[in-house]
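Written out below as C-alpha cells is the structure these notes cover.
Just so you know, ligand 1 is whichever comes first in the structure, and atom 1 is the first atom listed for that ligand.
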Amino acid sequence: MSNKPVVLVTRKLPDAVEKKLAENFTPILNPQDKLYDTEELLRLAADADAILPCHTEKFPAETIARLPSRVKAIANFSVGVDHVDLEAAKQKQVIVTNTPDVLSDATAEIALLLMLGAARRASEGERLVRSQQWKDWSPAFMVGRQITGKRLGILGMGRVGQVVARRARGFDMTIHYHNRKPLDSEQATAAVYHDTVESLLAGVDVLSIHCPASDATRGLINAQRLAVMHPDSILVNTSRGAVVDDDALVQALRSGGIAAAGLDVFNGEPDAIHPGYRELDNAFLLPHIGSATTETRDAMGYRAIANLVAIFNGQEPGDRVA
Ligand code: DGY
C-alpha cells in the first residue's frame, strides 16, 4: 500500500491496536471515546476509506445509503453484526467484516459466570455483604441451585456455544443443543441434538443463548417458549438482548415460571433496559462484558486490522459477512 488508506475508528481501541493500525493506515482516532451520533459519524466518514466501528454504532440502510462513496469497508470490532444492515451494505458494495473466534473463550467464561451467579444467587449475596445486611448464617441461608451434573441446553451451537459446552463438561453437565442443523459427530462430541427450540427448552436445567440476533431469532424466547421450561431452570444470555422478549422473561422470573436468569446483553442497553430486571433478586446482571478481557480486546483489534489489510490489498478478507 503506497498511500495509506484512511480508517475512521469510532471508539478508543487498545493502544497496541491503534499503533498496529497506524502501520498500514492513516487512522482517524477517537481518544476521548466519544459516542458518535449518526450525523457526526457521517461527517467524519467523509474523509475515510473505511470505518472500524463497534456494535455501539448503528448502520441501518438509511445510514449506509448516505455513506460517502469513498468508504469501501466496514471492518467491525465485534463478532455480532446486527448493528449493520448487511443487505444494504451489499447493495452499496461496501464490504463488511467481523471478528469471530477471538472472543469465544472470553464470552464462554462470562456464560459460565452467569450460570453460576444466577444459580448461586451471587447478586443477592453481594448486595447483602456490601449493604451490611448480612447478619446470620443458617442451613437455610442463601440456598441456591447447583449446576454440577445438570443438563445444559445450548441455543446456537456455533463457535461460542461449542466452547461453553467444553467448559461446562468440567462441571459434569450433559450437553443438549439446538441449531438449524445437527453438527457433525466430531464437533458435537456427545451433545444431544434437539430439532426444535421447544424440545431443547423442555429438557434442560440451564439454557445458554448463543444464536445471533437476526430476523429469524428476534423475540425467539417468548412467553410460549418460556412456559415450556421447568420452574427450576435457569436462562443465561451472552448473545444479544433481541433474542429474548423482555416482558415475557421478567414475567417468568417474577412468577416463578423459571428460577433465575443471568444476562449480559439487553434490549435497550445500556440505559433503557427493561426496568423489571433491576427489581428482580433472581436476575444476575452484567453490562455487556462478554468479550471484555485485555487479551480478547487486542485480538479483536488485530483481527479487524487483518481484514482491512486484505481488503486494501485487493484480497478477500478472512471474515467477510457482506
Ligand atoms: C461482539 O463482538 O459482538 C460483542 O458483543 C461486542 O460487540
Side-chain angles (χ1 to χ4, degrees), residues 8-14 17-18 21 30 33-36 41 51-60 63 73-86 89 96-114 154-164 208-218 220-221 235-244 246 261-273 284-308 317-322:
L8 169 61
V9 182
T10 62
R11 304 302 302 262
K12 173 78 187 93
L13 299 183
V17 171
E18 291 185 348
L21 184 68
N30 180 359
D33 203 23
K34 183 174 174 219
L35 185 59
Y36 298 140
L41 187 69
I51 306 177
L52 197 166
C54 296
H55 77 268
T56 45
E57 289 70 54
K58 311 295 175 208
F59 293 88
T63 305
I74 299 174
N76 289 291
F77 184 91
S78 69
V79 65
V81 287
D82 50 303
H83 56 290
V84 182
D85 187 321
L86 298 181
V96 183
T97 58
N98 70 343
T99 58
D101 301 317
V102 291
L103 41 64
S104 303
D105 286 331
T107 308
E109 285 182 5
I110 289 290
L112 268 294
L113 175 63
L114 290 174
I154 296 187
L155 184 58
M157 188 70 136
R159 299 175 178 93
V160 179
Q162 288 175 42
V163 179
V164 171
S208 194
I209 300 174
H210 298 288
C211 50
S214 68
D215 289 344
T217 62
R218 222 166 293 278
L220 185 67
I221 301 301
L235 178 150
V236 160
N237 190 6
T238 51
S239 166
R240 283 292 186 263
V243 180
V244 172
D246 291 322
L263 306 174
D264 183 50
V265 286
F266 302 85
N267 288 299
E269 63 181 54
D271 51 0
I273 70 168
F284 179 55
L285 311 174
L286 294 177
H288 201 144
I289 54 168
S291 58
T293 67
T294 309
E295 297 86 340
T296 295
R297 289 285 187 251
D298 285 353
M300 290 167 77
Y302 298 143
R303 190 94 175 207
I305 293 170
N307 286 319
L308 283 169
D319 305 313
R320 184 168 186 165
V321 291

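Using a 4.5 Å heavy-atom cutoff, the side chains of E18 and K12 are in contact.
For R218, the side chain to side chain donor-acceptor pair (under 3.5 Å) test picks out no residue, with sequence neighbours left out. Partners of D271 under the salt bridge (charged side-chain N to carboxylate O under 4.0 Å, His left out) rule, at least two apart in sequence or in another chain, do not exist in this structure.
The distance from the NE2 atom of H55 to the NE2 atom of H288 is 4.0 Å, given to the nearest 0.5 Å.
A pairwise comparison of heavy atoms in P287 and D264 identifies C-OD1, 3.8 Å as the closest pair.
Near ligand 1, residues H55, S78, V79, G80, L103, R240, H288, S291, M300 come within 4.0 angstrom through at least one heavy atom.
Within the structure, the salt bridge (charged side-chain N to carboxylate O under 4.0 Å, His left out) test picks out no pair touching residues 288-301 (sequence neighbours left out).
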